Amino acid sequence: GFDLCDPIHTRWYNDIIEEEGHVEKGTLQKISEPPAISEGTGDGEGLHYNAVLIGNSKSIWPKFIAWLTSQYEKRLEKNGDHC
């Protein structure tokens, strides 16, 4: 079964990486923002998402985070940013 299955919106990720300066530094790129799906009361309130984050095993997350960290560090080195 899935350990994680949550609706997300790519704008949330894009906003965070831009606010933290990763886009400007070139260490991370924004994800495209396809149209959103809305679940709510019909008055504009509720959940708006355009992707689903799925994880199928808790044991894979440490490996994924290690890989993601290594990719990020490679990007930093490539761009000469040693923060």
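All of these numbers come straight from a predicted model, not from anything done at the bench.
If you chain together hydrophobic residues whose side chains sit under 4.5 Å apart, Ile16 and Ile31 never meet in one group. Connection of Phe64 to Ile8 is established within a shared hydrophobic cluster, with ILVMFWY side chains joined at heavy-atom distances below 4.5 Å, either directly or through further cluster members.
The two residues Ala51 and Thr10 make their nearest non-hydrogen contact at CB-CG2, 4.5 Å. Annotation for Val23 and Lys30: closest pair CG2-CG, 4.1 Å, computed over non-hydrogen atoms. Taking both residues in full, the closest heavy atoms of Cys5 and Ile54 are given as SG-CG1, 4.3 Å, listed atom of the first, atom of the second, then distance. A pairwise comparison of heavy atoms in Pro7 and Trp12 identifies O-CZ3, 3.9 Å as the closest pair.
For the residue pair Glu33 and Asn50, no side-chain donor N or O sits within less than 3.5 Å of a side-chain acceptor on the partner.
Pairs of residues two or more places apart, or lying in two chains, that qualify as side-chain hydrogen bond (donor to acceptor under 3.5 Å, both in side chains) and include a residue from residues 63-73 are His22-Tyr72.
A side-chain contact (heavy atoms from CB on, under 4.5 Å) with Thr27 is found for exactly one of Glu20, Lys74, Arg75, namely Arg75.
To the nearest 0.5 angstrom, Glu18 atom CD is 12.0 Å from Leu28 atom CG.
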Using the rule given for side chain to side chain contact (heavy atoms under 4.5 Å, CB included), can you reason through Val52 versus Asp6, listing the C-alpha separation, both sets of side-chain angles and the distance that settles it, and then say yes or no?
CA-CA 6 Å; Val52 178; Asp6 287 319; over 6 Å; no

